[in-house]
> 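Submitted below is the structure of interest, expressed as structure tokens.
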Amino acid sequence: MSSSEFPEVRTAAGAVRGRREGGLGVFRGIPFAQPPVGAARFTAPRPVDRWDGVREAFAFGPPPPQEPMGPEAELPAGLPAGDDWLTVNVWTPETDPAARRPVMVWIYGGAYKFGSADDPAYDGSRLSRDGDLIVVTLNYRVGMEGFALIDGAPANRGLLDQVAALEWVRENISAFGGDPDQVTVFGESAGAGSIAALMAMPRARGLFRRAIAQSVPGTFFSAALAGDIAEALAGGLGLRPTVADLSGVDPRKLPEAGAALTAGMRGYVDRWGPVALTPTPFSPVVDGDVLPTTPWQALASGAARDVELIAGHNRDEYRLFLMLGGLLGQVDEALTSMALGLFGPAPDGEQTYRAAFPDAPSEYLFELVQSDWLFRMPSLHLAQAHVAGGGRAHVYELTWAAPANGGVLGACHGLDVPLTFGVYGGLGAMLTGPVPSPETEALSARFRSAWSNFATTGDPGWPAYDAERRLVQLLDAEPTVTRYPEDAARRIWEHHVFAPLPLTAA
């Protein structure tokens, strides 16, 4: 077996053998923690057991248990089943410890209830090759396994998995040719929310130097709200939200409780407020221990001032959810009024939005207030908090419209993912079309260049954000630098505090 065709690397737990693919060494399915089952169920991740000999790292590890995004399907061909959910994957130009290349670690999104690193959309080969750097992807627990507040278990187990994976990177990445002092975490949606949380977590301090947060969700739960949601999740199974009760449920059956609750969440508006109208009952919990405060509070106090940050959002974030919910062209005045009242900032979100956008159609306001509440303003406020706390932040807005479907989705949520990786299957095909146009490829190249330059030098190619000039990069067919363009929305939310979401009724 040729060592050039099948490169071998010795990690702290044992040797692994990868494959040479397209000029890169690719290693898949390397465990960074023990399988979180049996006695390890609902615990913080435990150190992986050492192994003898050379472990083949040819196939992705099994995805964490999760509810299906669509009809139940078999695991993809070649993807192993099993309990070894906590694995990492590495793309590297060369396995030379002297190379000390920058490292980019991807944290996937998926509403804190979906996702796994085997998704073809997260193939790191183009980013690694074009940026001459190392790309790492990882699995973390989602749904009830990772984020439900369970009595007897640590909160935010999915975040603790991410910390364990970053500790693996710190300990092992030099053997793959990487520089453990030049680590950039990057992620989208729930992945960006996870990165915001990691910046606020004492356990994650020192594990990364830079961060790219793409479409940060503003949903962080108070312990009271998370506890009430956990009662409803477990109650759907006739159980209590305790380790003793839930450990008896097969990990692959437990996601059914999340799916059942999601289908009926609208009935909890009086207790959970706007969370009841989101697609997920899961979010990080501000528990006072794993996550002491919200990211906005932590960053404003200087908790991560040594971490360089890119934070940004897409212009038309919520339009994807309009389409997925069958609401495009179906939103009436009553629905808009309800959304403005629930999602607009206090004291009178509806009146404020209608005054700021007097000629806007109902559906546009319905979409806009949810884009702002869920992604746009949390992302902007994260950058602003970081700057206020003494850190450096660069801000972007993706304004390029997804070309598929006649452009009706605009610059919607998720569009940045295929542009980041230069991979156009799955969601990417739905947004950009299966065959990318020259314009799509050119914008994707700009994304990859900016992200890899930032990971290498700290400079993505546009000025840092400050409270006076508010300069941001607009990512479009013709990128420009300008003052933050969503100024009406910025002013509406200027004094809003993204606090832990409360339980609104006892």
Side-chain angles (χ1 to χ4, degrees), residues 5-7 9 16-30 32 56-64 69 75-80 85 87-95 101-110 114-140 162 165 169 173 176-178 183-192 212 214 402 414-436 440-452 455:
E5 187 181 353
F6 297 95
V9 168
V16 292
R17 179 183 297 123
R19 281 199 179 100
R20 202 81 184 158
E21 299 177 10
L24 300 172
V26 183
F27 300 79
R28 296 182 175 91
I30 305 171
F32 65 83
E56 287 192 348
F58 296 164
F60 290 109
M69 292 192 73
L75 288 173
L79 187 65
W85 315 326
T87 58
V88 295
N89 317 289
V90 181
W91 288 260
T92 178
E94 59 177 330
T95 55
R101 283 179 166 82
V103 182
M104 297 189 70
V105 180
W106 174 254
I107 300 177
Y108 53 72
F114 304 128
S116 61
D118 63 275
D119 189 323
Y122 307 144
D123 184 292
S125 57
R126 288 191 80 178
L127 194 54
S128 174
R129 192 178 300 111
D130 293 355
D132 192 32
L133 44 72
I134 291 175
V135 175
V136 177
T137 64
L138 61 98
N139 277 355
Y140 63 92
Q162 296 165 18
V169 168
I173 205 64
F176 293 85
V183 173
T184 298
V185 289
F186 68 127
E188 181 265 351
S189 195
I212 304 173
Q214 304 173 211
L415 177 59
D416 49 313
V417 175
L419 296 173
T420 296
F421 285 92
V423 177
Y424 306 103
L427 177 65
M430 187 180 83
L431 299 177
T432 65
V435 180
T440 301
E441 284 281 40
L443 182 54
S444 177
R446 289 190 188 101
F447 258 90
R448 294 195 304 280
S449 175
W451 274 208
S452 58

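Throughout, residue positions are numbered sequentially from 1 according to the sequence presented.
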> Under 4.5 Å between any side-chain heavy atoms of F60 and T87, yes or no?
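F60 does not reach T87 side chain to side chain.
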> For the pair F27 and F176, name the ring-plane relationship: parallel under 30°, tilted 30 to 60°, perpendicular over 60°.
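F27 vs F176 ring planes: perpendicular.
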> Where is the tightest heavy-atom contact between A190 and G110, given as atom of each residue plus distance?
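Heavy-atom minimum between the residues: CB-N, 3.9 Å.
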> Would you find a donor on one side and an acceptor on the other, under 3.5 Å apart, between the side chain of S444 and the backbone of L419?
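Side chain of S444 to backbone of L419, a donor-acceptor pair under 3.5 Å: yes, one is there.
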> Given side chains that start at C-beta, do those of Y424 and T440 come closer than 4.5 Å, heavy atoms only?
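Heavy-atom side-chain distance check passes, below 4.5 Å.
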> List the steps, then state whether side chain to side chain contact (heavy atoms under 4.5 Å, CB included) holds for M104 with V136.
CA-CA 6 Å; M104 297 189 70; V136 177; over 6 Å; no
> Roughly how far, to the nearest 0.5 Å, is OG1 of T95 from CG of L24?
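L24 atom CG to T95 atom OG1 measures 11.5 Å (nearest 0.5 Å).
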> Compare all side-chain heavy atoms of R17 with those of P7 and state whether any distance is below 4.5 angstrom.
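Contact flag for R17/P7 side chains = no.
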> Apply salt bridge (Lys or Arg N to Asp or Glu O under 4.0 Å) to the pair E94 and R20, showing each step before the final yes or no.
CA-CA 10 Å; E94 59 177 330; R20 202 81 184 158; over 6 Å; no
> Without swapping roles, check the side chain of T92 against the backbone of G25 for a donor-acceptor pair under 3.5 Å.
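Absent.
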> Taking all heavy atoms of A117 and all of N89, pick out the closest pair and write down the distance.
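That would be CB-ND2, 3.4 Å.
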> Using every non-hydrogen atom in the two residues, find where L431 and A402 come nearest and quote the distance to one decimal.
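Heavy atoms only, the tightest pair is O-CB, 3.3 Å.
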> Check whether any side-chain heavy atom of R126 lies under 4.5 Å from a side-chain heavy atom of R448, and answer yes or no.
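Yes, side chains in contact.
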> Give the ring-plane orientation class for F6 versus F58, where under 30° counts as parallel, over 60° as perpendicular and anything between as tilted.
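Plane angle between 30° and 60°, so tilted.
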> Is the closest side-chain heavy-atom distance between V169 and V105 below 4.5 Å?
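The answer is yes, as the side chains (C-beta and beyond) meet within the 4.5 Å cut-off.
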> With the side chain counted from C-beta on, respond yes when V90 and I134 share a heavy-atom pair under 4.5 Å apart, and no when they do not.
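Side-chain contact under 4.5 Å: yes.
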> Please round to the nearest 0.5 Å and tell me the distance separating atom CG of L133 and atom CG of L127.
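Taking CG in L133 and CG in L127, the distance rounds to 5.5 Å.
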> Contact between I30 and F32 at the side-chain level, heavy atoms closer than 4.5 Å - yes or no?
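The answer is no, as the side chains (C-beta and beyond) never meet within the 4.5 Å cut-off.
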> Using side chain to side chain contact (heavy atoms under 4.5 Å, CB included), reason through F447 and F421 one step at a time and then give a plain yes or no.
CA-CA 8 Å; F447 258 90; F421 285 92; over 6 Å; no
> Quick one: do E21 and R28 make a salt bridge, cutoff under 4.0 Å?
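A salt bridge is present here (some side-chain N lies under 4.0 Å from a carboxylate O).
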> Is it the case that the side chain of S128 and the backbone of G124 share a donor-acceptor pair, with hydrogens and angles ignored and the cut-off at 3.5 Å?
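Absent.
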> Give a yes or no answer on whether the side chain of S449 reaches the backbone of A445 with a donor-acceptor pair at less than 3.5 Å.
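Answer holds: no.
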> To the nearest 0.5 Å, how far apart are CZ in F186 and OG in S452?
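F186 CZ to S452 OG: 10.0 Å, rounded to 0.5 Å.
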> Keeping N139 on the side-chain end and S116 on the backbone end, is there a donor-acceptor pair under 3.5 Å?
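Judged by distance alone, no pair lies under 3.5 Å.
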> Kindly determine whether W451 and I212 satisfy side chain to side chain contact (heavy atoms under 4.5 Å, CB included), including the steps that lead there.
CA-CA 8 Å; W451 274 208; I212 304 173; 3.7 Å; yes
> Can you confirm whether V26 sits close enough to S125 that some side-chain heavy atom of one is under 4.5 Å from a side-chain heavy atom of the other?
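A side-chain contact is absent here, since even the closest heavy-atom pair is not under 4.5 Å.
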> Any luck finding a side-chain donor-acceptor pair between Y122 and E188 under 3.5 Å?
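Not at all, the side chains of Y122 and E188 share no donor-acceptor pair under 3.5 Å.
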> Between Y140 and W85, is the ring centroid distance below 6.0 Å?
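Between W85 and Y140, which both carry aromatic rings, the centre distance is not below 6.0 Å.
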> To the nearest 0.5 Å, what is the distance between CE on M430 and CG on L415?
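So the gap between those two atoms works out to 10.0 Å.
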